[in-house]
Each structure stands twice: as structure tokens, then as C-alpha cells.
Amino acid sequence: MAAISGLCPSSSSSSNLMRNQHSSSSLSKTQLPSVVSYQHHRIEETLKAGFSSVCCNTWNAKTTSILTHSVAREVPANVSKSTTTIDDELAGKSKSKKGLEMDPQALWERYTEWLYQHKELGLYLDVSRVGFTEEFVKEMEPRFLKAFKAMEELEKGAIANPDEGRMVGHYWLRNPKLSPNSFLRLQIENTLESICAFADEVVGGKIKPPSSSAGRFTQILSIGIGGSALGPQFVAEALAPDNPPLKIRFIDNTDPAGIDHQIAQLGPELASTLVIVVSKSGGTPETRNGLLEVQKAFREAGLNFAKQGVAITQENSLLDNTARIEGWLARFPMFDWVGGRTSEMSAGIDIKEMLAGASLMDKANRTNVNNPAALLALCWHWASNGVGSKDMVVLPYKDSLLLFSRYLQQLVMESLGKEFDLDGNRVNQGLTVYGNKGSTDQHAYIQQLREGVHNFFVTFIEVLRDRPPGHDWELEPGVTCGDYLFGMLQGTRSALYSNGRESITVSVQEVTPRSVGALIALYERAVGIYASLVNINAYHQPAGKKAAGEVLALQKRVLAVLNEASCKDPIEPLSLDEVADRCHASEDIEMIYKIIAHMAANDRAVIAEGNCGSPRSIKVFLGECNVEDLYD
Ligand SMILES: O=P(O)(O)OC[C@H]1O[C@](O)(CO)[C@@H](O)[C@@H]1O
């Protein structure tokens with residue numbers, strides 16, 4: 001508990017949970033925003049909006065001054081209008097009144113006091129622009145203790161996913177020695193070795209496609225969805241070299257036009273394409289559909305799919321069995337105890353380096369002292385009141401990290417978006433994540449973040465190195481292209497702060513397999529800790545794959561009814577009411593209308609007469625009657 005008390009910047013203990021231990025700052029307790037009680041803060045959200053004054057007014061904020069400030073924020077006439085432009089952003093200033101009230105010295109103190117650094121990884125975490133108070137940190141301490149304990153148990157192999165009765169073992173993937181038994185350890189180590197060996201042989205041309213003039217694989221087509229797509233997509237985008245030995249493209253949906261597009265883009269290179277089908281369960285319909293479409297394209301091109309197909313899935317899943325029976329080129333396991341959204345480290349690009357980065361980050365997150373994931377979780381809890389009342393906007397200022405926001409969207413929202421807590425209470429928890437990339441977004445929705453509805457907090461992802469050494473040049477005196485990107489980030493951070501909008505900044509030296517692994521590990525852990533703080537299971541996905549099944553079952557009944565009526569002589573066109581009635585699904589009449597409209601739009605032998613704008617006028621029948629169907 002003593003260590004936990006160190007959460008507070010005012011503590012004299014050297015064992016601070018998250019605070020920068022190496023700080024030389026002598027910020028005293030009285031300088032902290034200690035007047036606002038946490039409870040009051042919760043009840044009076046307006047006070048929260050006045051956080052900039054908490055931070056800005058020398059950390060000695062008085063309740064009255066916050067209220068005054070808060071009220072001022074609501075009275076536009078008293079506030080000089082923010083008229084910031086890109087130039088202002090580059091100058092790091094906002095013309096809002098609130099900006100003028102800042103106390104830069106106190107802000108600098110808070111920055112240095114709380115700055116987290118992981119020296120070996122070259123990673124920094126700055127939470128100074130999140131306004132959590134000393135009281136808040138203290139109040140959260142017991143929950144953090146519980147979360148750390150739960151994480152310790154999880155890493156030892158506890159059933160941390162109780163709804164599914166599963167262990168949660170993604171941390172073992174980057175440190176197999178942590179596995180609860182030697183069987184699992186060997187499984188992880190052997191899989192890693194066999195994936196690396198396979199990848200080397202594919203890249204080196206030892207494993208080659210059977211009938212390509214290229215003589216080696218030139219393309220990868222990855223088929224998967226959710227965690228079985230977003231991780232590889234993010235990592236490929238972040239880390240692929242300019243001219244990779246194999247180019248990678250993805251099918252991550254059941255949109256036929258999208259699938260056709262990917263196959264068309266491959267053209268004759270289909271013959272030298274390695275198709276990797278990723279599905280933990282091995283039965284996800286979208287992935288199955290992508291596979292069937294691609295297999296059809298192979299057949300039509302006279303190619304043998306099995307010789308170019310790789311399955312990554314749980315042993316004995318439908319996909320695994322299919323791949324085994326059809327004799328696919330290779331099969332690699334996904335483990336029951338690794339969730340799809342945390343499976344990024346189970347196969348990929350230069351995974352050893354990624355694993356090393358993740359492992360270092362895990363180690364840093366395993367301590368009760370100066371723990372970056374706990375610090376993130378604390379900020380999320382503070383910013384969203386522990387109930388997701390604010391959205392998390394993720395802004396990576398680096399093109400290659402574009403997909404990080406989408407990746408985090410799944411990781412965070414699928415893990416935290418839960419109806420019930422661990423005690424069975426309905427809580428409807430969550431934390432909304434969205435984002436694209438800076439500075440591109442500067443010319444889009446950041447306008448609203450800066451001046452509009454205040455329903456978010458921001459996470460900036462900063463990459464310190466602009467380009468590989470030796471490639472930079474000044475496009476105007478003293479200024480490089482990368483300086484602009486830097487200026488955009490810093491200017492936006494300042495402008496948001498001046499307007500009372502909180503932000504976190506995560507900085508890495510460069511985008512490398514190691515830093516990407518560390519980023520993934522940082523967020524995986526933060527999600528796990530946050531889930532403990534709000535008492536939910538982060539590791540299951542009860543809502544998952546239920547969407548299409550009922551609709552497709554109804555579609556089959558509609559087709560059967562239409563077929564029967566259309567085989568009569570003369571054909572019996574039916575109204576929608578009649579179809580619904582004969583399907584015994586009157587309550588689904590709207591869905592029946594949509595099914596018929598969709599089939600008619602796709603030339604599926606359904607003929608609908610009448611005006612689609614007035615569904616009640618429609619009469620429908622099949623262009624072709626299938627007599628055999630009647631006797632099925
Ligand atoms: O890897 P699978 O089993 O195909 O699942 C794909 C995705 O579907 C979900 O299970 C539920 O939507 C995700 O968690 C997962 O990433």
C-alpha cells in the first residue's frame with residue numbers, strides 16, 4: 001500500500017506508482033489542485049470542463065476560481081473568440097482567453113513531474129495535460145492494487161476470462177518463460193520457430209508457388225476479420241519496407257466488390273500469391289466467404305489453391321481441418337488462451353523484435369512503481385469518469401501509424417464495451433475510440449475538437465525521428481517538412497489545452513518493430529488494468545458474430561415460399577404481407593421487404609413488380625421456378 005500511496009505527486013516516497021521517479025522537481029503538495037473533492041468533481045461535470053484553470057492557476061486552484069472560470073466558459077461574450085489558423089498552431093498558441101490564463105511554469109512543473117520515460121525503448125508518456133487531482137489518485141489506489149493483483153494472477157494462468165472459462169495468455173507469447181507450464185512454453189517457442197523458418201523459406205524462394213513464372217511468391221493475400229485482420233494490417237502498414245520482398249493486401253470483409261477488387265489487383269500474380277487465412281475460431285463467416293471467393297478465383301485461373309494456402313487457426317477448428325484435409329501448404333496454431341484482438345504477437349513481420357519490444361514494455365508494466373500502463377488507465381478513468389463519458393481520439397502524427405487508431409478501436413472497444421460487470425450488474429461500460437492521423441485531420445474534424453462539443457480527450461502519438469538519418473533537407477530556411485508535422489502536433493496540443501481539452505502524448509523515437517511491439521503491449525496492458533478498475537471482463541466478446549444468421553435463415557424461408565408460388569400455373573405473384581404470412585413471420589415484414597429488394601437488385605431471379613417506394617404495392621415472384629426445391 002505504501003507503494004501505491006506513491007501515486008500522488010505530493011508523496012515523498014521514492015516508490016511512486018506511476019510518477020517520474022527521476023524527476024528533480026520539488027513541486028509541493030500545496031501546489032496541487034487539492035481543493036476540489038473528487039466526489040464533487042464527479043457530480044459537477046462543469047468543474048471538469050474548467051480543468052484548464054485547475055492546471056493553469058498555479059495548481060492552487062480554489063473551488064470558486066474554477067467555478068468562475070467554468071461560468072466564463074459558458075458566456076461567449078466574455079471570451080475572446082478562438083480564431084486559430086494553421087499558422088497559430090505552428091506558433092503553438094491559441095487566441096482564446098483561457099490560453100492567456102495559463103501559468104506556463106506550473107504546467108512545466110507538472111510536465112516534468114509526471115513524464116514517464118522508458119529509456120531502453122525510447123518511449124515517453126506525457127500525462128501533464130490530463131487534469132487528474134491528488135484526491136482522485138488517492139481514491140483510485142485501492143482499485144489499482146486490486147488490478148495489479150488480478151494481472152499477476154492472470155499472468156500465472158488464472159481463468160481471467162471467467163465467462164468463457166479461459167486463461168488469458170498473450171503476455172506469455174513475448175516471454176514464454178512466464179507460461180504456467182512447460183507444455184505451453186514449448187508450444188509457444190516451437191510455433192515461433194516454425195513461423196520464422198517458414199517465412200525465411202518463403203522470402204528466400206525455397207518454398208515457392210507451383211506454377212508461377214516468377215519462381216517465388218511475390219504477394220501475400222491475408223484473409224481475416226477483426227483481430228485477425230487489424231493487427232496484421234496495422235503492423236504491415238507501420239513496418240513494411242518501401243519495396244518489400246512480398247507485397248501484402250487484405251480481404252477483411254464479406255463485400256463481394258471489395259474482394260473482386262483485391263483479386264483483380266493481383267491479376268496474373270495470383271499464381272505467385274501466398275494466401276494466409278487467419279481465424280482463431282476457424283468458423284467466422286466473413287473469413288470463410290473470403291476464402292471461398294479466393295478459391296473460386298484460383299479454380300478459374302487453373303491454379304491449385306492448396307499449394308498456396310496457409311491457415312492460422314486453432315487446432316481442429318473447421319479451418320484447420322479443411323486445410324489439413326485439402327493439404328494446404330502450411331498450418332500454424334492460434335491458441336485458445338489468446339484472444340483475436342490480442343493475437344498480434346502470434347504471427348507477423350520480424351516478430352522477434354516486436355516481441356522483444358513488447359516484453360520490455362510488459363516488464364515495465366509489471367511493477368507497482370512508475371507503471372506506464374497504469375498511468376494511462378488512470379488518465380482514461382479520470383477523463384471519462386470511469387463510465388466512458390468521453391471519447392478517446394487517437395492521433396498518430398506519422399503516416400505509417402495510420403492504422404493504430406483503428407487497431408486500438410478494436411482492442412479498447414471490444415474489450416471494454418460490456419453490458420455486465422463481473423458481478424452481473426448491468427453497467428453498459430465502454431470507451432469510444434476513433435481517429436485517423438495528424439496533420440491530415442487538422443483539415444477535417446480537429447476543428448470540432450478544438451472548438452466544438454467537448455466530449456473527448458486526445459491521445460497524440462508522436463514519432464521523434466522524421467526520416468532516416470541523412471535524408472532531411474530544409475524546404476525553407478531552418479525548417480524541414482518534418483518540422484511542420486512537429487509544429488502541427490505541438491500547436492494542436494497547446495490549443496486544445498488552452499481550451500480545457502485534455503490530452504495524453506505518447507512519444508517514440510522511431511517506428512520500428514520494437515517500438516510497435518512496445519506500443520501494442522502498453523495498450524493491451526492499459527486495457528486490462530482499466531477493465532479491472534471498472535470491474536469488467538476484458539477478454540471475452542459476447543456480442544461477436546450473431547448479426548447475419550437470423551436474416552439469412554429468413555431469406556431461405558422467403559425463397560422457399562416464393563419458389564412454391566412461382567411453380568404454380570399460372571404463377572402466383574405475392575404481396576409482401578402474403579410472403580410474410582406464409583413464412584409465419586408477420587413481425588419481420590420489413591426485413592422481408594429488404595431481403596426481396598436486395599435479391600432483386602442483384603438479379604437473383606426475384607422479380608418485384610410495383611413501386612419500391614411504396615412497399616405495399618409490390619407483388620413478387622421468382623423468374624425461375626426450381627421444382628426440385630419443392631421436394632427438398
Ligand atoms: O479470428 P476469428 O475467430 O475469425 O474472429 C474474428 C473476430 O471476431 C470476433 O471474435 C468477434 O467479433 C473478434 O474478437 C475477432 O477478432
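Order of listing sets the numbers, starting from 1, for every ligand and every atom in it.
Of all the listed residues (E414, K280, M334), E414 holds the heavy atom that lies closest to atom 9 (C) of ligand 1.
Geometrically, ligand 1 and G227 share a nitrogen or oxygen pair separated by less than 3.5 Å.
For the pair Q410 and ligand 1, a heavy-atom separation below 4.0 Å is found.
By the 6.0 Å contact criterion, CE on M413 is enclosed, its count of non-hydrogen atoms from other residues, nucleotides or ligands being greater than 12.
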(request) Evaluate side-chain hydrogen bond (donor to acceptor under 3.5 Å, both in side chains) for E164 paired with N161, printing each intermediate quantity in order. (result) CA-CA 6 Å; E164 295 173 356; N161 177 356; 2.9 Å; yes

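Not counting sequence neighbours, R406 has no partner by the side chain to side chain donor-acceptor pair (under 3.5 Å) test.
Each of the following atoms of ligand 1 lies closer than 4.0 Å to a heavy atom of S281: 2 (P), 3 (O), 4 (O). Interface of G226 with ligand 1, defined as ligand atoms under 4.0 Å from a residue heavy atom, comprises 16 (O).
Judged by the 6.0 Å and 45° rule, R366 forms no cation-pi pair with F148.
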Identify every side-chain donor-acceptor pair in residues 239-251 under 3.5 Å, counting partners at least two apart or on other chains, and give the distances.
| from | atom 1 | to | atom 2 | distance (Å) |
| --- | --- | --- | --- | --- |
| R249 | NH1 | Q262 | OE1 | 2.8 |

